[in-house]
4 protein chains.
Amino acid sequence: MPQVTEKTRRTPRQSRSEATVEAILEAAFQLLEADGIEALTTNHIAERAGVSVGTLYQYFGGKQAILAGLAHKRAEAARDRIAEIVIAGPELGAVRLIVRTLATAFEGSPATRRALLDALTAEGGDDVVMRNHVTFFDMIAGKAALGFDLSPEAGFVLTHAVVGLLRAATIESELALNPQALEDELVRLMEAYISALLVARSA
Amino acid sequence: MPQVTEKTRRTPRQSRSEATVEAILEAAFQLLEADGIEALTTNHIAERAGVSVGTLYQYFGGKQAILAGLAHKRAEAARDRIAEIVIAGPELGAVRLIVRTLATAFEGSPATRRALLDALTAEGGDDVVMRNHVTFFDMIAGKAALGFDLSPEAGFVLTHAVVGLLRAATIESELALNPQALEDELVRLMEAYISALLVARSA
Amino acid sequence: MPQVTEKTRRTPRQSRSEATVEAILEAAFQLLEADGIEALTTNHIAERAGVSVGTLYQYFGGKQAILAGLAHKRAEAARDRIAEIVIAGPELGAVRLIVRTLATAFEGSPATRRALLDALTAEGGDDVVMRNHVTFFDMIAGKAALGFDLSPEAGFVLTHAVVGLLRAATIESELALNPQALEDELVRLMEAYISALLVARSA
Amino acid sequence: MPQVTEKTRRTPRQSRSEATVEAILEAAFQLLEADGIEALTTNHIAERAGVSVGTLYQYFGGKQAILAGLAHKRAEAARDRIAEIVIAGPELGAVRLIVRTLATAFEGSPATRRALLDALTAEGGDDVVMRNHVTFFDMIAGKAALGFDLSPEAGFVLTHAVVGLLRAATIESELALNPQALEDELVRLMEAYISALLVARSA
DNA sequence: GATGAATGAGAGTTCATTCAT
DNA sequence: CATGAATGAACTCTCATTCAT
């Protein structure tokens, strides 16, 4: 049974280890893109990465951990970019920029995106986006003059509405939605909600 | 390899067949609740249902088809209930009632709910909720006087925002969100969005 | 991890199943003799038996269970033979016959004998010889006019002295002990002990 | 593959080396007690001992060698104590003292005792107790006035009856034998046998 | 001498699926 | 229609051991 709980077995300190970890993640991403989640096995990943399975298991607890590692890297990058946006504080276009950042956070084919998104939620709480959603959106909320008394539920809705819709859009590829139009609607949704929160607050 | 494409092999007409199908679905649901998705195997389901694996394969194309069957039963029930709500036309509370119906559509533990939700999306387009979202929300849209020129993207957002958020809420069980407060926020989100759509339309 | 606790997964009722079980045990014995315990794998056993691994796992919980099955078959046969000896009641030679029966209970090479003996003890209490030693030796004890108040410890010594020595003799093959002389000494040991017990009892 | 043949690679003379060897043995013993033989790996031992695996392999030929080292330490201590007993020559109680010494030779849980006992026999002839059993019991035999013409088989029985029974008693822990009563029976067994040997000799 | 990252053969095991009965 | 014994490809994961640093 895989050790899902313990993501990293050996925290790499030396450059050789770091390169190995990087090679494993890169190999996993390539295979994911090429053959899909079904064909993604630890043996294949190790082979493609040019290391032995044993080495792979030295750094990752199993397939899920690798997927999670891949997803986290992207999620963190997205979060950093959003943080920059908020700090830079382009008053009006902030919501649109954030939506756009999230929409492009996960590179790769729809199937890959879905796999990574699932890996994030499969961890059950270790999800960076989720775990940090309060801190994260407090920043936005502060910028938007909502103050800090955003309820957990409102924060949750603010965070997950966009991510959830992007997830759904990724899966529902055959609907052939217009990305631009979708972005417009997402922005409309978020701005309408934020306005409603502001109104409720001032009441 | 499971036959994802062909969901039902034999459409039951006789009562004995119906009972068998029912027993299989019920067995699957019980095992899902009791042991989780990991322990859910066709052999176990057949055993619990009191039929042989062979018989199970006479009615279902495989594990995924069973899960999908389970999910569809719920999804259809939810859709029917929502249709009634819309027809009954309780002007003001409609959005809230719909949200509530969706929130309670899937019984069972969070893990079970997630598994069923995933089964729905895993089908890749056969999803009743998704496939019918235009028809479905056109009804709502009509009631709400939005007219029929709801863009596909707006319809998509309208449908999936709620479902996606409920999905996220189900998974993120440790956040311990207040169901009532969450419902309030969902209603706020939807009503704000609908208003925004109305405003945009009239402009 | 193998399911050591649950020896048989499917109790065979039909002749086909019985033949399969028999084939597996026979294959295991042959491989044990030919290549030793190290080379004994479930895959090899299945191949040699002419069945698939899956089938093997339908009947046995794993390698240990197969070994245990093999050992039990022999142990039971030995016990039956000893029971016959006691019932037949050849007054003087009984001890020698019992010793001889135990000495020849496990066919095969020393390594095989050791493996089977170990499998018996590895079960931790399910061992037929051990578990039944009281019942078993009460019969002998009765014959020997010791009565039924044989202490558990005396019964234990009676049972295990011979088995333990045979085990040791099997392992210590390089000592090249003379089987006949060893048998003589074992008989001497047992008869001396029984006499001592009788003396103690009459005192 | 473990190098069973070559037990020690480097015989330590310096104190640092001795400390390392000691740390490894101690670590192995602790892990054996805590987690059982299954969880005992060279990597774990090295980690617990505070050395690298490489260092471990500098001093021990492998896992078996470590286990053997552990067992030998105890076996040698027991032999020395028994030698003292024989030399001290307390005529009547000697057998009882020897039995008691053997019974307490291996500290630790039953599982640990079994593992160490097995390590001793697994060496296949390098076993100190076994290899030296003639020399060893000749001393006792001499003391007991049996002379030097003790047959190898009688010597074997003399040595292994006690050890084998203690092994069996260790494994069969659920029988909950009374240690004192068991000791009594072992003494009875040995004294009866020695007497029988004496009688046979004088005949 | 010490290190510890890397190895990799191969073990055990699962389970969706088939098809002869 | 039902059965369930049989299948077997494929998977995850271990761990004793080596050797370049």
Side-chain angles (χ1 to χ4, degrees), chain A residues 1-3 10 12-14 16-17 19-20 38-47 50-64, chain B residues 1-3 10 14 16-17 20 38-47 50-64 66, chain C residues 1-3 10 12-14 16-17 19-20 38-47 50-64, chain D residues 1-3 10 14 16-17 20 38-47 51-66:
Chain A
M1 205 167 292
Q3 295 171 248
R10 210 172 271 241
R13 281 281 159 215
Q14 289 148 34
R16 181 151 63 129
S17 301
T20 301
E38 310 277 76
L40 192 74
T41 72
T42 46
N43 282 300
H44 289 159
I45 296 171
E47 194 182 9
V51 300
S52 71
V53 228
T55 299
L56 184 152
Y57 276 93
Q58 206 125 55
Y59 295 106
F60 295 93
K63 199 209 273 204
Q64 281 310 311
Chain B
M1 204 167 291
Q3 297 173 246
R10 192 177 290 260
Q14 296 123 31
R16 183 148 66 114
S17 300
T20 301
E38 312 276 75
L40 192 74
T41 71
T42 47
N43 287 295
H44 285 160
I45 295 172
E47 194 182 10
V51 300
S52 70
V53 230
T55 300
L56 183 151
Y57 274 90
Q58 210 115 51
Y59 293 105
F60 293 93
K63 199 212 264 207
Q64 281 310 312
I66 295 173
Chain C
M1 204 167 292
Q3 296 171 248
R10 210 171 271 242
R13 280 282 158 215
Q14 290 148 34
R16 182 151 63 127
S17 301
T20 301
E38 310 278 77
L40 192 73
T41 72
T42 47
N43 283 296
H44 288 160
I45 295 172
E47 193 182 10
V51 299
S52 71
V53 230
T55 300
L56 184 152
Y57 274 93
Q58 207 125 56
Y59 295 107
F60 294 93
K63 200 211 270 205
Q64 281 309 312
Chain D
M1 206 165 291
Q3 296 173 246
R10 193 178 289 262
Q14 296 122 30
R16 182 147 67 113
S17 300
T20 301
E38 312 275 77
L40 192 75
T41 71
T42 46
N43 286 294
H44 286 160
I45 295 172
E47 193 183 10
V51 299
S52 70
V53 231
T55 302
L56 183 152
Y57 274 90
Q58 209 116 52
Y59 292 106
F60 292 93
K63 199 213 265 206
Q64 281 309 312
I66 295 173

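First the proteins, then the strands, lettered A, B, ... as listed; each starts at 1. All of these numbers come straight from a predicted model, not from anything done at the bench.
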Take the protein atom [atom1] of [X] and the nucleotide atom [atom2] of [N], then report the distance between them rounded to whole Å.
{"X": "C:L56", "N": "F:dG8", "atom1": "CG", "atom2": "C1'", "result": "13 Å"}
{"X": "B:Q58", "N": "E:dC19", "atom1": "CD", "atom2": "C1'", "result": "12 Å"}
{"X": "D:F60", "N": "F:dT18", "atom1": "CZ", "atom2": "C1'", "result": "19 Å"}
{"X": "A:I45", "N": "F:dC11", "atom1": "CD1", "atom2": "P", "result": "11 Å"}
{"X": "C:Q64", "N": "E:dG12", "atom1": "CD", "atom2": "P", "result": "10 Å"}
{"X": "A:E47", "N": "E:dT7", "atom1": "CD", "atom2": "P", "result": "13 Å"}

Picking from [options], which would you name as closest to the side chain of [X]?
{"X": "D:S52", "options": "E:dT18, F:dC11, E:dG4", "result": "E:dG4"}
{"X": "D:Y57", "options": "F:dA5, E:dT13, F:dA16", "result": "F:dA16"}
{"X": "D:V53", "options": "F:dT3, F:dT18, E:dA16", "result": "F:dT18"}
{"X": "A:V51", "options": "E:dA16, F:dA16, E:dT7", "result": "E:dT7"}
{"X": "C:T42", "options": "E:dA6, E:dT13, F:dT18", "result": "E:dT13"}
{"X": "B:K63", "options": "E:dA16, F:dA5, F:dT12", "result": "E:dA16"}
{"X": "A:Y59", "options": "E:dA5, F:dT7, F:dA2", "result": "E:dA5"}

Which residue, D:T20 or C:L40, contacts DNA chain E at a nucleotide closer to its 5' end, judged by nearest heavy atom?
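The residue mapped nearer the 5' terminus is D:T20.
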
Assign each of C:H44 and A:T55 to its nearest nucleotide of DNA chain E by heavy atoms, then name whichever residue's nucleotide is nearer the 5' end.
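First, find each residue's nearest nucleotide; the 5'-ward one identifies A:T55.
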
Should F:dT21 form a Watson-Crick or G-U wobble pair with both distances under 3.5 Å, which nucleotide is its partner?
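The base-pairing partner of F:dT21, which may sit in any strand shown, is E:dA2.
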
Considering Watson-Crick and G-U wobble pairs with both distances under 3.5 Å, what does F:dT14 pair with?
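E:dA9 - that is the nucleotide pairing with F:dT14, both distances being under 3.5 Å.
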
Side chains of B:T20 and B:S17: any donor to acceptor distance under 3.5 Å?
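No.
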
Per the atom types in the model, does the base of E:dA16 pair as donor or acceptor with the side chain of B:N43 at under 3.5 Å?
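It does, because a donor-acceptor pair links the side chain of B:N43 to the base of E:dA16 below 3.5 Å.
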
Any chance you could measure D:Y57, atom OH, to D:T42, atom OG1, to the nearest 0.5 Å?
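OG1 of D:T42 is found 4.0 Å from OH of D:Y57.
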
Quick one: pull up NZ in A:K63 and CG in A:L56 and give me the separation to the nearest 0.5 Å.
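If we round to the nearest 0.5 Å, A:K63:NZ and A:L56:CG are 12.0 Å apart.
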
Pick base, sugar-phosphate or nothing for D:T41, based on heavy-atom distances below 4.0 Å to the nucleic acid.
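Sugar-phosphate, no base atom in range.
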
